[in-house]
Amino acid sequence: MERAMNFVPGPNQELLDIKPLRSLAPMFPAPMGVNVNQSSTPQLVCITPVGQFPTGFGSGSLPAFGSFATFSATANGFSHGSTSATRPIDATPISAYKTRSSGVTSLNGDDEPQSGNQTYASERKAKRSSGLAADGSDGVKVKRPKPVYKNLVAGKELAFLPASCSNNPRETVEAVHMIFEALRRRHLQMDETQDASRRADLKAGAIMMASNIRANVGKKVGTAPGVEIGDIFYFRMELCIIGLHAPSMGGIDYMSAKFGNDEDSVAICIVAAGGYENEDDDTDTLVYSGSGGNSRNTEERHDQKLERGNLALERSLHRKNEIRVVRGFKDPACLAGKIYIYDGLYKIEESWKERTKFGINCFKYRLQREPGQRDGAAIWKMTQRWIQDASTRGRVILRDLSAGAETIPVCLVNEVDHEKGPGHFTYTNQVKYLRPISSMRPLQGCACQSVCLPGDSNCACGQHNGGDLPYNSSGVLVCRKPVIYECGEACHCTLNCRNRVTQKGIRYHFEVFRTTNRGWGLRCWDPIRAGAFICEYAGEVIDELKVNLDDSEDDYIFQTVCPGEKTLKWNFGPELLGEDSTYVSADEFEPLPIKISAKNMGNVSRFMNHSCSPNVFWQPVQYNHGDDKHPHIMFFALNHIPPMTELTYDYGVVGAEPSRRTRNCMCGSLTCLGVF
DNA sequence: GTTCTGTCAACTGC
DNA sequence: CGCAGTTGACAGAA
């Protein structure tokens, strides 16, 4: 199904041989740690709560956790140290008051002076889950029966977080988030086979908490380092483990802060999830309802009280401190699903009491977004509008770059300069092999009726994939593997089978856009959740044909060069559950012979640029033939990807492929290697 | 005063 | 739509 795309741009067609420059700019344009807040009010500075590590933490048996915990201390400690030009105000987590002040254990020696950052609460938590205790001397009795994660890390040298995390809040937040997602997906997969209780989000969260794999552990007013405006989340527990919003259910996060000699309880973050009647037609103002008044098990309602969160909001109105705002929206892509978007800092302008339709008194707070911040929820609303009606998208060069080859049009836009489009190529969503598929080895099929079910030991496809179906019920890939086998023509199951994902093609509203310094790039109007299928690398298989490639061809070649640490570690999760590791190190990595050129023909994937800090990875998939050396190359999301974020993958390590030209990288990532 | 434990509330999420 | 399930604040006990 190829459609020739006859590009007839301007008169200077010759000059338009634009190729993706195979380099990339920051995936996250706002530099790390930059405080977008231009507020004139004094910065709130966090006093790092000092406490003892839970039993077992200082024993050296948990090096990875140790270094991580150290980081979170450092992040909280230094992040505002340099910005306190104005008179600093102390803000101390309430829980820190209860913290032991002695016995600070340094995990990493003298080079990490602030390693003792543990709030009392998390310390206690870690103590309770006795599975963590390395020396077994911890005699705390666990009263509330909780799952104990025994094989958590026992003795394994697990470098859970990339080394770059130690000084990069963004990397840490992403890594923590990635591990949470991996755990959640794996739990979901197991629950499906055992018909166990659901809530994989809570299970994953419990492990993260117990292992202390989290970011921004100490509460603080203002930005959460490493969390950027526009970041998206699908579960409240995600907000919890990255330290954006601590309460797992409650809508208001607050803490006690010192204002000179005074002390006040102030709000630091709210989740506006639409549970109450909030008006949010305007993106810069938000009317938030106080909490309480709804009885838990009866229909009884009572007046809201000025206590806890409500009181904190009231005090924040007077203290004029910044409050982080997370907005919740219905995710149209997911049935009854919700998506949370971090929308930056707001301040409370006024508050009042209101009588609701149930006749109870309710507190209302009007919040105004701080000026000078990049768009967050506004982008969501904008792209949702485009998805509803694509004609509302401005700056369009071409409505559908695929000329109908894709079921959803691929938009071509340029908001940067006057280039009229990429150089000529034929849009195809297929891979053209050197020999016809019919002559290739067929793939074995399953005998499942209707659809393949998780946990069915009779399903040949499940067995082929190592026992579990590779995707969960929402079509999300659970684990990165050398090869994924989807159901194909030889299978008896229907097209509705959940083991048919990538073969159905793209499901997102893509946009090929002009970047400022890397030619053309690819991004998406829809939010993409971690593990979701994005697109295939379409083009012509050339591996046996050409040995010497000219430069222009080289720019469009896909090869299975070993990707970086972030991609290789996408699977983390099994390790935390005590299962065998699926981690493949760079040394063990074995490339496939396949080479695909998208120079003359290809799809959206030919516009994906390289990044040293990517948000997409490739994964070999088989479904319509059995030639293991020439699988389909499918791209999946590494993290949740907010709308309008450039999609990038790791082109691979320099020198791993001798025939390949080395190119300068412009990805701008703090962990950028400079070349790729 | 400090540390520990129980209880409670909460814009979850199936 | 009902309900199990979580964190952290808080209060009271040790």
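Just so it is clear: chains get the letters A, B, ... in the order the sequence lines come, proteins before strands, and each one is counted from 1.
Comparing C:dT7, B:dC11, B:dC14 by their closest approach to the side chain of A:Ala273 singles out B:dC11. Taking every side-chain heavy atom of A:Arg199 into account, B:dG13 is the closest of B:dG13, C:dT7, C:dT6. Here the side chain of A:Lys338 is nearest to one of C:dT6, C:dG8, B:dT12, namely B:dT12. Listed candidates were B:dC11, C:dT6, B:dC14. Nearest to the side chain of A:Phe235 is B:dC14. Checking C:dT6, B:dC11, B:dG13 against the side-chain heavy atoms of A:Ser248 singles out C:dT6 as nearest. Distances were taken from every side-chain heavy atom of A:Tyr340 (C-beta onward) to each of C:dA9, C:dT6, B:dT12; the shortest belongs to B:dT12.
With sequence neighbours excluded, no residue forms a ring-ring contact (aromatic ring centres under 6.0 Å, His included) with A:His245. For A:Phe363, there are no ring-ring contact (aromatic ring centres under 6.0 Å, His included) partners two or more places apart in sequence or in a different chain.
Protein atom CG of A:Asp303 is 16 Å distant from nucleotide atom P of B:dA9, rounded to whole Å. Atom C1' of nucleotide C:dC10 and atom CG of A:Leu311 are separated by 14 Å, given to the nearest angstrom. Between the CD atom of A:Glu263 and the P atom of C:dA9 there is a distance of 13 Å, rounded to whole Å. With rounding to whole Å, A:Ile268 atom CD1 is found 13 Å from C:dA9 atom C1'. Atom pair A:Asp253:CG and C:dC10:C1' shows a separation of 15 Å (rounding to whole Å applied). In this entry the distance linking CE of A:Met237 with C1' of C:dA4 reads 13 Å, nearest Å. Atom NZ in A:Lys364 sits roughly 13 Å away from atom P in B:dC11 (whole-Å rounding). With rounding to whole Å, A:Glu307 atom CD is found 20 Å from C:dG8 atom P.
Between A:Lys330 and B:dC11, a side-chain N or O to OP1/OP2 separation shorter than 4.0 Å is absent.
Place A:Tyr234 and A:Gly251 on DNA chain B by their nearest nucleotides, and A:Gly251 ends up nearer the 5' end. Looking at which nucleotide of DNA chain B each of A:Arg184 and A:Ile252 is closest to, the 5′-most match is held by A:Ile252.
Note that the CG atom of A:Leu638 and the CD1 atom of A:Ile528 stand 12.0 Å from one another [nearest 0.5 Å]. For the atom pair CD1 of A:Ile242 and OH of A:Tyr342, the computed distance is 9.5 Å after rounding to the nearest 0.5 Å.
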DNA chain C in dot-bracket, Watson-Crick or G-U pairs under 3.5 Å, [ ] crossing, | other strand? .|||.|||||||||
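The local environment of NZ in A:Lys504 is crowded, with over 12 non-hydrogen atoms from other residues, nucleotides or ligands closer than 6.0 Å.
Using cut-offs of 30° and 60° on the angle between ring planes, the pair A:His177 and A:Phe233 is parallel.
Under the 4.5 Å side-chain criterion, counting only non-hydrogen atoms from C-beta, A:Trp380 is in contact with A:Phe329.
Below the 3.5 angstrom threshold, one finds no donor paired with an acceptor across the side chain of A:Arg236 and the base of C:dT6.
The cationic group of A:Arg185 lies under 6.0 Å from the six-membered ring centre of A:Trp570 and within 45° of the ring axis, placing it in a cation-pi geometry.
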